[in-house]
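Quantities reported herein were computed from a predicted structural model and do not represent experimental measurements.
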Amino acid sequence: MNIIQTALKARNWMKRNESFLPTWHAYVGYELDLFKTFKNPKTVDEVVAETGLSKELLQCWVDVGASIKHLRKRTGGRYRTSKHHCGEFLEDGSNSVGALLKEMMELHIPTLLAYPKYMKSNERAVFNHEKFGDVVAETSTLLEHFAIRRIKKMMKEHKVETVIDLGCGHGGYLRKLAKDFPEVQMLGVDVNERVVESARKASAGYNNIDYIVADASDWRPEEGEKADLILLHNVFHYLDPMARIELLSNLTSWLSDEGRISVITPVNETDQGQAFSSAFNSFFTAHSNLYALPSSEDIEELAEASGLTLSAYNSIIKEGGWYAFWLMPQTVSDSNLEREPESRPLIASGKV
């Protein structure tokens with residue numbers, strides 16, 4: 001390959017990097033609350049006086065923002081946040097979009113950049129639950145919003161009386177359900193004490209929600225208690241394959257006769273979101289305390305080994321290979337299995 005061809009190839013790689021700029025810029029703006037700072041038109045000097053940030057670096061960030069339309073330039077050297085492009089960062093309260101950016105920039109990308117080191121040394125990173133528990137809980141809640149209608153539909157049709165959310169995070173999902181089902185008793189279980197405390201505070205006005213700190217992989221309800229609905233969302237990648245079987249076998253023993261287990265998880269080797277789910281799988285396998293994503297065949301084997309029936313897969317976020325499905329006692333007849341119109345099989349296994 002001659003020098004001109006090499007230069008053109010290098011140029012193409014540089015052009016590909018342009019798509020990363022909005023993510024980087026939004027992450028910095030979220031971390032430093034700069035989008036709210038520029039909610040009303042201000043100059044760089046005014047913001048430096050307010051925040052004490054480096055003028056030179058802030059000016060560079062503003063220049064990038066103006067070039068990608070995150071910021072709008074106004075008269076007198078002032079800049080204002082674009083509501084069209086970054087309006088989500090102007091909202092008060094928790095910001096799941098910002099948490100997702102934080103997870104990508106501080107967890108996923110650094111791990112993937114360290115891949116050569118891990119491959120050569122055969123060492124692994126260690127996921128810090130205490131440091132990133134809040135962020136992961138926030139992004140999990142964001143993803144679950146895409147499946148909440150199917151949950152509410154099931155609860156209404158099957159007259160659910162008890163719900164247990166294993167790995168409940170901040171409890172946002174339970175609170176959304178509690179608004180429509182104030183008579184249903186709900187319990188959130190999470191291993192992170194700080195996250196559970198946050199969930200308790202946020203749920204103070206809900207009399208039908210309780211929380212406990214426990215490891216979902218071996219926790220059990222009190223003797224004789226049964227659950228009509230168990231939420232098992234974004235949990236599999238915290239468990240090795242044998243622990244997954246143990247968990248589901250455990251759940252089977254205290255699921256009511258007509259109960260359901262709602263599972264949401266990224267699935268490896270699927271027909272949708274293959275690139276992202278493969279990269280996601282690379283992130284998990286690079287950690288000593290996280291585990292590879294299950295394939296559709298793995299999930300079918302898990303269900304069979306645990307004495308459960310598997311419903312159709314329902315794609316909820318195709319870009320990431322996220323799927324939702326039900327697991328039920330094998331005594332539940334096929335006529336009772338939910339077959340949602342948008343549900344579809346996974347090409348990897350060729351099965352429903």
Side-chain angles (χ1 to χ4, degrees), residues 96 99-100 102-104 106-112 114-115 118 124-144 146-147 165-170 173 189-192 195 214-219 230-251 261-270 272-303 305-306 310 313-325 327 346 348:
S96 296
L100 181 62
K102 188 177 181 70
E103 182 175 333
M104 290 171 56
E106 297 185 12
L107 273 173
H108 298 170
I109 292 177
T111 299
L112 295 178
Y115 228 70
Y118 298 139
R124 296 290 187 271
V126 177
F127 176 71
N128 189 327
H129 290 272
E130 287 300 317
K131 182 177 180 180
F132 293 107
D134 287 333
V135 173
V136 172
E138 190 72 31
T139 56
S140 293
T141 300
L142 175 65
L143 298 171
E144 289 168 345
F146 292 95
D165 188 357
L166 298 178
C168 65
H170 291 145
Y173 210 62
V189 182
D190 201 284
V191 71
N192 191 310
V195 168
D215 190 336
S217 62
D218 56 19
W219 176 82
I230 300 171
L231 306 181
L232 196 64
H233 296 172
N234 294 302
V235 170
F236 280 161
H237 45 264
Y238 293 111
L239 305 171
D240 66 45
M242 286 305 300
R244 293 169 187 170
I245 295 177
E246 293 173 3
L247 172 61
L248 289 180
S249 298
N250 177 26
L251 301 189
I261 301 173
S262 169
V263 181
I264 295 177
T265 184
V267 179
N268 197 28
E269 301 174 358
T270 67
Q272 297 191 40
Q274 175 90 32
F276 189 92
S277 64
S278 296
F280 211 21
N281 198 42
S282 301
F283 167 78
F284 289 127
T285 54
H287 287 80
S288 61
N289 55 343
L290 298 177
Y291 301 92
L293 296 175
S295 66
S296 57
E297 292 180 349
D298 292 334
I299 292 169
E300 290 163 4
E301 292 173 0
L302 277 172
S306 307
L310 174 66
Y313 293 92
N314 175 227
S315 175
I316 58 173
I317 305 179
K318 65 180 182 179
E319 292 83 2
W322 263 275
Y323 285 82
F325 52 90
L327 293 173
L346 304 184

J.: What are the two closest non-hydrogen atoms of Leu310 and Tyr313, and how far apart are they?
T.: CD2-OH, 3.6 Å
J.: Mind checking salt bridge (Lys or Arg N to Asp or Glu O under 4.0 Å) for Glu106 and listing every partner two or more places apart, or none if nothing turns up?
T.: Lys102
J.: For Ser249, run the side-chain contact (heavy atoms from CB on, under 4.5 Å) check against Ile245, Leu247, Leu251 and tell me which one passes.
T.: Ile245
J.: Over all heavy atoms of both residues, which pair between Gly321 and Ser277 is shortest? Give the atoms and the distance, please.
T.: CA-CB, 4.4 Å
J.: Surrounding CZ of Phe146 (heavy atoms of other residues, nucleotides or ligands, distance under 6.0 Å), is the total greater than 12?
T.: no
J.: Please report the closest heavy-atom contact between Tyr173 and His233, naming both atoms and the distance.
T.: CE2-CE1, 3.5 Å
J.: List the atom of Ala99, the atom of Val135, and the distance in Å for their closest heavy-atom pair.
T.: O-CG1, 3.3 Å
J.: Are Ser295 and Asp298 linked by a side-chain donor-acceptor pair shorter than 3.5 Å?
T.: yes
J.: What is the distance from atom OH of Tyr115 to atom CZ of Phe283, rounded to the nearest 0.5 Å?
T.: 11.0 Å
J.: Does Asn289 use its side chain to pair, donor to acceptor, with the backbone of Val126 at less than 3.5 Å?
T.: no
J.: Do the ring planes of Phe280 and His237 sit parallel (below 30°), tilted (30 to 60°) or perpendicular (above 60°)?
T.: tilted
J.: At their closest point, which heavy atom of Val189 faces which heavy atom of Ala214, and how far apart are they?
T.: CG1-O, 3.7 Å
J.: For the backbone of Leu293 and the side chain of Asn268, can you confirm whether one donor and one acceptor N or O come within less than 3.5 Å of each other?
T.: no
J.: Please round to the nearest 0.5 Å and tell me the distance separating atom CG of Leu232 and atom CG of Leu166.
T.: 6.0 Å
J.: How many angstroms lie between atom CG of Asn128 and atom NE2 of His287, to the nearest 0.5 angstrom?
T.: 9.5 Å
J.: How many angstroms lie between CG in Leu290 and CZ in Arg124, if you round to the nearest 0.5 Å?
T.: 11.5 Å
J.: Between Trp322 and Phe276, what is the ring plane arrangement, given parallel below 30°, perpendicular above 60°, and tilted in between?
T.: tilted
J.: Under a 4.5 Å cut-off applied to non-hydrogen side-chain atoms, are Asn234 and Pro266 in contact?
T.: yes
J.: Mind telling me whether His129 and Phe127 have parallel, tilted or perpendicular rings, with 30° and 60° as the class edges?
T.: perpendicular
J.: List the steps, then state whether side-chain contact (heavy atoms from CB on, under 4.5 Å) holds for Phe325 with Ile299.
T.: CA-CA 10 Å; Phe325 52 90; Ile299 292 169; 3.5 Å; yes
J.: Return the minimal non-hydrogen interatomic distance between Thr111 and Ala286, and the atom names on each side.
T.: CG2-CB, 3.6 Å
J.: Nearest 0.5 Å, please: how far is CD in Glu103 from OG1 in Thr139?
T.: 4.0 Å
J.: Considering residues at least two apart in sequence or located in another chain, which fulfil the side-chain hydrogen bond (donor to acceptor under 3.5 Å, both in side chains) criterion with Asp215?
T.: Ser217
J.: Could you measure the distance from the CD1 atom of Ile109 to the CE atom of Met104? Nearest 0.5 Å is fine.
T.: 5.5 Å
J.: Are Tyr323 and Asn314 packed together at the side-chain level, in the sense that at least one heavy-atom pair is separated by less than 4.5 angstrom?
T.: no
J.: Sequence neighbours excluded, which residues qualify as side-chain hydrogen bond (donor to acceptor under 3.5 Å, both in side chains) partners of Asp134?
T.: His170, Arg194
